[in-house]
Structures are given as C-alpha cells and as structure tokens.
J.: 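Sharing a structure with you now.
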Amino acid sequence: MFDAYSDIDLDSNPIIVPTCGHFYTVETYDSHMGMKNCYILDESGAIIAPRPLDGNLDTENSEDPPEKLVVKNCPDCRAPLRDIHRYNRIVKSAFLDESTKRFCANAQTGYLKIYQEVSRALEVLQANHADFITGLRTSQTRTPTQGRPPPAVDKIPQPILDRKRKGKALSRKIQRFINTVNEEEQPYSKVRQMVLAARIRRGVQSSFVGDPSAVQMGFRLKSQNLLLEAAWEGFWDIHLIAASSAVDAPATTMLRKQLLKELRQQYQKCSVIILECLSAKLGKYEVEARIRGAQFCALYRLEYMNEKTAPAPAPPPGSAPPDATTSKDEEHDDFGDDTRKAEIKSLDRCDELCGSLPGTAGPMRDQVKQARLLLGGATFYTTVSAEEKRLVHQAMAAEFSSTGRWYTCQNGHPFTIGDCGAPRQIAQCPECGARIGGDYSGLVQGIQRDAEFSQLDQRMRGLGI
C-alpha cells in the first residue's frame, strides 16, 4: 500500500481514481472495499465467481463472523466510494441492506401506532359492555313512541350492527397496515421481481440468488396476530350479548349463526399463520396464533351447543319448512372432539415454547391456561388488562433499543450484546431459542455481526420510541 508509484506494475495492478481524486491501486482498493466478501478470488486476486449476496464466507478457520457488505469511504478524505463500477455489486447490496433497515424502522413505528389504536379500541369495547347490554335491554322493552315503529323482532338490533361495524372498520385498518409490510413490499422482494422480469425479457434462464434472511416476515405475522386478537375480542363481545338475553330469540339465533361462520373463517387463518411461524422459527408469534386457534375452537363449540339446545324459531307464515337433509351435527362435525384434542396438543406446544423462550413467549402462560380452560368447557374468559397491555407495549418499544452491538442468530433474528459488545456468556435467542452470545474463545457458530443495524436503533431513538 505504501510502495512508490515508480515501483508499481500498472499493467498487472492498475490504479483507480475515484471522484475525490485520491487514487490507489486495484489491489489496495479491493482489499479496502472487501472484494473477498463479494467474490471468490484465486491466489492472485483474480475474480473466479460471485459469492451469495448475503456476504457469507467460509468460517471454518476463522473465529470472527462474516461481515456484511457495506459501502466504504476513501482512506484519505472519507468520501463514500459509490461511483466505482468495479464495486457496483458491493454498493448495491449495501444499499439493499440499508433500505431493509429503513423498512424495519418504518414498519416498527407503524406497528406501534396501530397497536396503540387497537388497544384503546378494545379497552373501550370491554369497558362499556355492561352499559351496552343495559341499553339494549331498555330499547327492547321500551314502549314505541308516537310516529316511531317498534323494534323489528326478526332482525338484529341496529345498535349491535353498529357495534360490529366499528370492529370491522378497525380490522380493515389493521389489514391495510399488513398490506404495507407484506414480503412483496420489502426492498429485497421488489428487487428480485425486477431482476426476474428483466431476465425474462432478455430470455436468460437463471435463478435469482439473494439473501432470504433479509425478507422480514415478523412484521406481517405479528400484525396478523393483532388482527386475530381484535377478532377474538369482538367475537367474545357478541357471545356475551347473545348469552345475555338482551335481544329476542330470532335475533339471537341470527347472531350465533353469523358468529359460527366468522369463527370458522378465523380458525382456518390461524392454521396458516402457525405454519408460517414454524417456517420462520418465530416462537412468540406461533404461541399467539395457537392461543387464538384454541380460543376460536372453544368458542365455536360453545356457541354450537347453545344453538343446538336453543328452541328453533318458528318459520314465517306461508314459508316452506327448513331442509332437514343435513343435520347440525354433520354440518359442524369438523369441530368435534378430535379437533378439541388437537387444540389441547397445540397448547402443550405453547407450554413448551413458553418454557424455552421465557423472555418473549413466557409472559403468555396465563393466556395459554385460559385457552385450556375454555377448551375444557369453561364459559368465562378474563381479558387482558390495560396494565398488561401497557407492559407488552413497552416490551415491543424496547425491541430495537440497545446500547451495545447488534448481531443476528443463525436464523436471522437480531439481538444485541450490551456494554462493549463483547460476548461473555452463551444464551438463547429470544425468538427461536438458537444459541447466541459466546465466551472468551469468540462467538458461537452461526452468529453474524450486523454493525449497520445500530442505525435502526438510533433511528428508533430519534422517533422517541
């Protein structure tokens, strides 16, 4: 690096002159930019083939984790070296990483806002439930005033429809946020689609090699779980209204039929989310989805028994009798005892995850216990208190807050090592349970250093989160 210009063979080792004017040889700039992290090189330094875009290296003979591809600065003036075509692959990969970090920051901020809004709405729903039932009874027994027709006896009362409409509006707002954090909206996925489209136009038959860990599934999955939570609170509210005898029998029957249909739909969504959580090794979100699945199953069975034991409303005069070719038992047999046993096993899995992931899934033990009671035939449910939700919110806000150095486990989940950032002990990843940390000999196998992720931490602090 400090050879005289006259001693350099420019044919074998030419110089590179960036826009800042501080020139060095190709060998020097290749070493400075980290070409070995981006390409497979021979002994002479010539490029043989590209490495995967995640920047992984063979670490069998190295105690240090592989470094991410980052844009370096000029050794003299610190100007970013972004305009040298030889290093385009490094620069573009680093920009993709930075775009992903911005996506994570914006997604986390957006999620915290929607979570606060949902929490407030559910608190209001729970707080005014008793007053709503009282007002509903009063409206059903009130003598019609002059010029105002009496309440219809074969329809769901309008106050209940308005209450359900508010819940649906909240669900639509959550779904709109989910659409913004889908995998297809993330930088790596967009680039992948553009690359594949360009190769199709050019008739090139090859696959796109990217970093799968750069695609963040967690934001979508926890937002879908939030959508399931909002649905559950709405279902339980309607269940209590139907059980309160505040409306007439025909309206109660209609409420229960609608509730059974919606419960079936949400239960099927739980199964899909659980499989995705297993694939992404996100134990906390898996527990949440399994709890909702057990709750939906238990409430379905409870409402079905209520509908089955309730007297059938008389058909309107002149209408044909109901078709009895298919019994109620045949219609709902997929929520029978086998399904209940499967959900009990699912809650057993939740207990295992709560034990192996005490920092993230552990606080949900009480919810697992309540879901188990519902499956056992209990007809009560204790909602999560406002204080508990506040603690959950604080925990989520602290997910990206740290004073140490950022790393990722072997499954791509970020974590930090505090103080100076040096490992002192071996622990478990709070998301998937994989080994993280290290000791005096170095980091455990599979850990990657992600110093650039600290920019996300600083961004979150700047947002006041």
J.: Ignoring hydrogens and angles, tell me if any N or O in the side chain of Asn225 forms a donor-acceptor pair with the backbone of Glu288 under 3.5 Å.
T.: no

J.: Ring of Phe335, cation from Arg264 - is the NZ or CZ under 6.0 Å from the centre and inside 45° of the axis?
T.: no

J.: Are the side chains of Met364 and Leu353 in contact, using a 4.5 Å heavy-atom criterion?
T.: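 Of all side-chain heavy-atom pairs linking Met364 with Leu353, none is under 4.5 Å.
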
J.: Are side-chain heavy atoms of Ile241 and His129 found at a separation under 4.5 Å?
T.: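 Ile241 vs His129: side chains touch.
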
J.: Between Asp162 and Lys166, is a salt bridge (charged side-chain N to carboxylate O under 4.0 Å, His left out) present by the stated rule, with each step listed?
T.: CA-CA 6 Å; Asp162 293 339; Lys166 290 180 181 179; over 6 Å; no

J.: Return yes if a side-chain donor-acceptor contact under 3.5 Å exists between Arg172 and Gln175, otherwise no.
T.: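 No donor-acceptor contact under 3.5 Å links the two side chains.
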
J.: State whether the number of non-hydrogen atoms from other residues, nucleotides or ligands found under 6.0 Å of Lys173 atom NZ is greater than 12.
T.: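 Check fails, neighbour count at 12 or below.
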
J.: Judged by atom type as modelled, is there a donor-acceptor pair below 3.5 Å linking the side chain of Ser171 to the main-chain atoms of Gly167?
T.: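 Yes: the side chain of Ser171 pairs with the backbone of Gly167.
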
J.: Of all heavy-atom pairs between Leu259 and Phe235, which one has the smallest distance, and what is that distance?
T.: CD1-CD2, 3.5 Å

J.: Go through the steps to decide whether Arg137 and Ser244 satisfy the test side-chain contact (heavy atoms from CB on, under 4.5 Å), and finish with yes or no.
T.: CA-CA 9 Å; Arg137 286 198 178 100; Ser244 66; 3.8 Å; yes

J.: Can you confirm whether the side chains of Asn128 and Arg163 place a donor and an acceptor under 3.5 Å from each other?
T.: yes

J.: Does any N or O in the side chain of Ser346 come within less than 3.5 Å of the main-chain N or O of Ala342, such that one atom is a donor and the other an acceptor?
T.: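 No, because the side chain of Ser346 does not come within donor-acceptor range (under 3.5 Å) of the backbone of Ala342.
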
J.: Under the salt bridge (Lys or Arg N to Asp or Glu O under 4.0 Å) test against Glu286, which residue among Lys222, Lys281, Arg349 passes?
T.: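 With Glu286 as partner, Lys222, Lys281, Arg349 yield a single salt bridge (Lys or Arg N to Asp or Glu O under 4.0 Å), made by Arg349.
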
J.: How long is the straight-line distance from CZ of Phe296 back to NZ of Lys269, given to the nearest 0.5 Å?
T.: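 Taking NZ in Lys269 and CZ in Phe296, the distance rounds to 9.0 Å.
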
J.: Show your reasoning for whether salt bridge (charged side-chain N to carboxylate O under 4.0 Å, His left out) applies to Arg372 and Asp348.
T.: CA-CA 9 Å; Arg372 199 181 293 275; Asp348 291 340; 3.1 Å; yes

J.: Would Tyr267 and Glu343 count as having a side-chain donor-acceptor pair, cut-off 3.5 Å?
T.: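 A pair is found: one side chain offers a donor N or O, the other an acceptor, under 3.5 Å apart.
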
J.: If you compare all heavy atoms of Leu226 against all heavy atoms of Ile174, which two are closest, and at what distance to 0.1 Å?
T.: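 Minimum heavy-atom separation between Leu226 and Ile174: O-CD1, 4.2 Å.
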
J.: Any donor and acceptor pair, going by atom type alone, linking the side chain of Asp237 with main-chain N or O of Glu233 inside 3.5 Å?
T.: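 No; judged by distance alone, with no hydrogens or angles, the pair does not exist.
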
